[in-house]
Q: 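Okay, handing you the structure first.
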Amino acid sequence: MPGDSAITLRSLQVDQKSWTVRLRVLRPGSEIACGTNLLSRIRKMIMVDEEGTRIGVVIFKDEIQQFNHIFENHKSYAISNGQVQRSNQDYFNAHPLMELVLKKYTTVKEIGETINVDSTIVYNFMKFPDIDSTIHNRKAIDVCGIVIKVKDKKKTHTARGATKYVREITLMDNECHSVIVSLWEDMATNEGGELQEIAAENPVISLAQVTARKYQGELQLQTTMASIMQIYPTNDEVQHLQAWLAQINDPLKIQALAMKERIKKANKVTLHEIIHNRFLLSEDEYYFFKATVNKVENKSYIWYDSCTKCNSAISKNGDTMACRKCNIEPSYRLLLNVTQENERALITIFEEAAMLYVGCPVNEYLMSVEKEENDSKYFRGLSLQTGMEFQFLIALNKKATIVNGQLNVVAEAIEKIQLENQKPAKHVDKIVQRKKLNTLQDEDEILMGTSKAKNSNTTTKRRQTKKNINCDENVYISSDDDETIQQLFKKIKKKSDSTYGSKDVQFIQVKKEKS
DNA sequence: CCCCCCCC
C-alpha cells in the first residue's frame, strides 16, 4: 500500500475491508487479563490522526505478540487493513462509532515524521466544582490540573472478583480545589509510572474522557478504557495553570493550599461532638475541628523505617534513605496528642500533612537528624509547635476509634492557624508556658523510659531548664537546654539501639508506665 | 473475542 493512499478516520467506514490510516499513539496500553475467569487477554491502545480524531485500537490475545514491540508511545504509524467494527455503545469509547481491531494480516509501518497533536486535540475542560458525580459517572468529561501527589500502583480486587491495578494521583486547579484521580490498569502502569518519576516537579496534565463519582462525600475521578492523558500539553488552559504554579514555586506551599481548601469544604465539628455524639455524624463525610497540639508522642521516631512494599529495613543509600531492593523511601507517621476544651485526641498524620507539620520531605528530615537530633531545626521545630492550634481534617470511618474518652483518628489534612498577633498576650503567655513545662515533663518521662526518674534532683533541674524557655513564637530553646535535652536523647537512643527494630514497642511501654 | 472498578 503506498503511503499517499492513506485516508483520515473521518472517511473510514465500519466494516471497510481495505484501508490505510496514519495514526499516532496517544495511550500505548498494556496487555491485561480480562473476560470470564480472566482467561482472555487484550491490549487496547488509543490513537489519533492528523485531524485530531481519536480511536480505540484493539489487539486480542493471539495477535498481542505480533505487535508487541512495534507500537511505542508518541510515535506514528501507517496501519493498513484490519477489522473496523462498530463500538459497543454500552461502554466509553475513544471514537463514538467504531474501533479498529488489528489482525494477523494487518501491516504496520512507522512514519518517520510523527503526527503533531499540539493543536489538534481539543478538550472541553470542566472546573472541579462544576463536576457532578451523578451526571458525570455516565458522561465522560475532560479535566486539567497540577499533579500534587502520585501514589504507588497497587493491586486490587473488584467486587466481581477481577484483579486490577490502580494508582491514585491528586490534581489541583488554580483555585486550590483538588481531586483524586484513579488511574486504572495500563494507565496506572504507563502514564502513572511516568508521572511518578517527575512527581517532585508538580507536572501539569490534561485528561480526556474520565468519569466522576463520590467517595466519603468527596469527588473522585476515574479513567476509563477511552481516557487519555497528556503530560505538559500545549493548550492555553494548561499553560495558564503552569504559569500560576510557577508563581507559587514551593511544593510545600502547594500542599498546604490544597489541604486548606479541603478543610474549607468539610463539616465543622467539635471534639466534644465527635466523642460524645458520634452517632449523629456520618461515616461518609469529612469533618474538621480545631485543636491544640500538646506534643508529638513519637518525636524521636516519626517515620517508618521498614519498606512499605517488602518490609525490609530502610537504610542509607547514597545521599538518601531508601529500601535497597524496591528503592522506596521511608514515610512519615506522626502521632499528635491534641486537646480541644477538655476533650482529647490522638491524631496520626502521614504524607503531606506530616510534611507540612515537620516542614520538609521525609528524606531531608532523616538527613538532618542523622548525626544529632538537636542539630536539626526540623526536630527542634517539633517541640516549638506545641501549644499551637491547628485544624484537622478527618474521615469518621471505622478506623476512627474512641478509647477511654479519647478519639484516635488519622487526619488527612492539617492547617496551621495563623495568629493575628504573633506575640500572645501576657496571661496567655503564662498558660502556654505552663503547657510547655508539662510537655517537657512528659517528654522527660519518655526520654528516661520510666517515671521512676522523678527524683527531687531531676525535678529541680527541670525547673531550672524551664525558666529559660520563652514562649515568644520566635524563641529558640537555649543552648543549655539543648545540652540537657541532647543528653537525654542520647540515653534513649542507646536504649532503643539495644532493642533494635522495636522502637514502637518501646513507645508503647513508655505510654503504659505513664497511665 | 474487551470494559465501570479499589480505599494508607
Side-chain angles (χ1 to χ4, degrees), chain A residues 27 29-46 56-64 82-83 85-94 98-104 133-134 136-141 149-170 180-188 192 209-218 220-227 283-284 286 303-304 306-309 328-334 348-354 362 394-395 397-400 409-413:
Chain A
R27 172 173 169 183
S30 19
E31 183 180 345
I32 54 167
C34 60
T36 343
N37 300 339
L38 303 174
L39 290 173
S40 188
R41 300 190 76 78
I42 193 177
R43 176 178 173 189
K44 194 168 188 169
M45 295 185 289
I46 295 176
V57 178
V58 182
I59 309 170
F60 286 110
K61 196 175 162 187
D62 297 336
E63 287 80 33
I64 289 177
Q83 190 184 342
Q85 66 175 20
R86 203 173 296 280
S87 49
N88 187 331
Q89 297 304 304
D90 293 341
Y91 305 117
F92 291 106
N93 293 289
M98 58 197 185
E99 63 183 12
L100 303 181
V101 183
L102 303 192
K103 303 299 234 182
K104 286 248 174 327
S133 61
T134 59
H136 302 114
N137 60 43
R138 303 221 25 97
K139 193 177 178 297
I141 51 163
K149 184 168 167 179
V150 181
K151 298 199 8 173
D152 289 329
K153 179 176 86 168
K154 66 174 186 187
K155 222 182 219 173
T156 191
H157 301 279
T158 67
R160 297 184 184 191
T163 302
K164 300 198 167 186
Y165 285 105
V166 64
R167 184 202 295 270
E168 284 182 357
I169 63 168
T170 307
I180 289 174
V181 187
S182 295
L183 309 177
W184 287 92
E185 297 281 75
D186 61 296
M187 286 199 103
Q209 289 187 261
V210 294
T211 58
R213 62 166 215 152
K214 254 191 178 148
Y215 180 72
Q216 290 210 306
E218 276 191 355
Q220 278 196 358
L221 300 177
Q222 321 239 24
T223 60
T224 69
M225 290 289 256
S227 307
E283 282 203 354
D284 301 320
Y286 279 100
W303 69 96
Y304 294 120
S306 60
C307 173
T308 47
K309 226 180 215 171
I328 282 180
E329 292 187 359
S331 27
Y332 278 129
R333 173 175 156 277
L334 274 79
T348 306
I349 51 173
F350 301 104
E351 303 175 41
E352 64 268 27
V362 68
I394 62 156
N397 54 30
K398 287 174 187 74
K399 279 177 189 154
V409 72
V410 172
E412 290 188 25

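Chain naming here is simple, since letters A, B, ... match the order of the sequence lines and numbering starts at 1 in each.
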Q: Contact class for Tyr165(A) (heavy atom, under 4.0 Å): base, sugar-phosphate, or nothing?
A: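 Nothing: the residue Tyr165(A), judged by heavy atoms under 4.0 Å, touches no strand.
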Q: Measure from the side-chain N and O atoms of Gln89(A) to the backbone N and O of Ser87(A), and report whether any donor-acceptor pair falls under 3.5 Å.
A: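 Yes; at least one donor-acceptor contact below 3.5 Å.
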Q: Surrounding CZ of Phe92(A) (heavy atoms of other residues, nucleotides or ligands, distance under 6.0 Å), is the total greater than 12?
A: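 Buried by this count: over 12 neighbours within 6.0 Å.
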Q: When all nucleic acid strands are considered with a 4.0 Å heavy-atom cut-off, which category describes Glu351(A): base, sugar-phosphate, or nothing?
A: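 Result for Glu351(A) = base.
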Q: Ala159(A) side chain: which of dC5(B), dC8(B), dC6(B) is closest?
A: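 Nearest listed nucleotide: dC6(B).
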Q: When all nucleic acid strands are considered with a 4.0 Å heavy-atom cut-off, which category describes Gln83(A): base, sugar-phosphate, or nothing?
A: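 Touches nothing.
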Q: Find the distance Glu99(A):CD to dC1(B):P and express it as a whole number of Å.
A: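 So the two atoms are 9 Å apart, to the nearest Å.
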Q: Need one value for Glu185(A): base, sugar-phosphate or nothing, where a base atom within 4.0 Å counts as base even if backbone is also close, heavy atoms only.
A: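 It contacts nothing in the nucleic acid.
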Q: For Lys154(A) and Asn93(A), find the nucleotide of DNA chain B closest to each by heavy atoms; which residue's nucleotide sits nearer the 5' end?
A: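 The answer here is Asn93(A).
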Q: If I take atom OH in residue Tyr91(A) and atom C1' in nucleotide dC3(B), what distance separates them, rounded to the nearest angstrom?
A: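 Going from Tyr91(A) (OH) to dC3(B) (C1'), I get 5 Å.
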Q: In whole angstroms, how far is the C1' atom of dC3(B) from the CD1 atom of Ile42(A)?
A: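 It works out to 8 Å between those atoms.
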Q: Considering every strand and a 4.0 Å limit on heavy-atom distances, what is the contact class for Lys103(A): base, sugar-phosphate, or nothing?
A: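 Answer is base: heavy atoms of Lys103(A) come under 4.0 Å of a base.
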Q: Picking from dC8(B), dC2(B), dC6(B), which would you name as closest to the side chain of Trp184(A)?
A: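 Taking heavy atoms from C-beta onward, the closest nucleotide is dC6(B).
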Q: Taking salt bridge (charged side-chain N to carboxylate O under 4.0 Å, His left out) as the cut-off, I'd like each qualifying pair that reaches into residues 29-41 of chain A, sequence neighbours left out, listed once.
A: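 Residue pairs with at least one partner in residues 29-41 of chain A: Glu31(A)-Arg41(A).
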Q: Looking for any heavy atom pair under 4.0 Å, which part of the strands does Glu31(A) touch: base, sugar-phosphate only, or nothing?
A: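 Contact class for Glu31(A): none.
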Q: Does atom NZ (Lys103(A)) have a neighbourhood of more than 12 heavy atoms from anything else shown, all under 6.0 Å?
A: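 Yes, the 6.0 Å shell around NZ holds more than 12 heavy atoms from other groups.
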Q: Lys399(A) has a side chain; which of dC5(B), dC1(B), dC8(B) sits nearest to it?
A: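 Nearest nucleotide to the side chain: dC8(B).
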Q: Please state how far atom CD in Gln216(A) lies from atom C1' in dC8(B), giving the value in whole angstrom units.
A: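 Checked: the CD to C1' distance equals 12 Å.
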Q: Look at the side chain of Cys34(A) and decide which nucleotide, out of dC6(B), dC8(B), dC2(B), has an atom nearest to it.
A: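 The answer is dC2(B), which lies nearest to the side chain.
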Q: Could you tell me the separation between the CZ atom of Arg160(A) and the P atom of dC5(B), rounded to a whole number of Å?
A: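 About 6 Å, once rounded to whole Å.
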Q: Check this for me, if you would: do Lys398(A) and Glu283(A) make a salt bridge, where the nitrogen-to-carboxylate-oxygen distance has to be below 4.0 angstrom?
A: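 A salt bridge is present here (some side-chain N lies under 4.0 Å from a carboxylate O).
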Q: Whole-Å distance between dC2(B) C1' and Phe60(A) CZ?
A: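 So the two atoms are 6 Å apart, to the nearest Å.
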Q: With a 3.5 Å cut-off and just heavy-atom distances, do the side chain of Thr224(A) and the base of dC4(B) make a donor-acceptor pair?
A: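 Between dC4(B) and Thr224(A), which were checked side chain against base, a qualifying N/O pair under 3.5 Å is absent.
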Q: Tell me which nucleotide among dC4(B), dC6(B), dC2(B) gets nearest to the side chain of Lys164(A).
A: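 Minimum distance to the Lys164(A) side chain belongs to dC4(B).
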Q: Over how many whole Å does the gap from Ile32(A) atom CD1 to dC4(B) atom P extend?
A: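 Atom CD1 in Ile32(A) sits about 9 Å away from atom P in dC4(B).
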Q: Is a donor-acceptor contact shorter than 3.5 angstrom present between the side chain of Gln220(A) and the base of dC6(B)?
A: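 Side chain to base: pair present.
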Q: Specify the separation, in whole Å, of atom CG of Asp186(A) and atom P of dC4(B).
A: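 Computing the Asp186(A):CG to dC4(B):P distance gives 13 Å.
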Q: Indicate yes or no for a side-chain donor-acceptor contact from Asn93(A) to the backbone of Tyr91(A) under 3.5 Å, with no hydrogens or angles considered.
A: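 Between the backbone of Tyr91(A) and the side chain of Asn93(A) there is a qualifying donor-acceptor contact (under 3.5 Å).
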Q: Would you indicate what Ser87(A) reaches in the nucleic acid, counting non-hydrogen atoms under 4.0 angstrom: base, sugar-phosphate, or nothing?
A: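 No contact.
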Q: When all nucleic acid strands are considered with a 4.0 Å heavy-atom cut-off, which category describes Ala162(A): base, sugar-phosphate, or nothing?
A: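 It contacts nothing in the nucleic acid.
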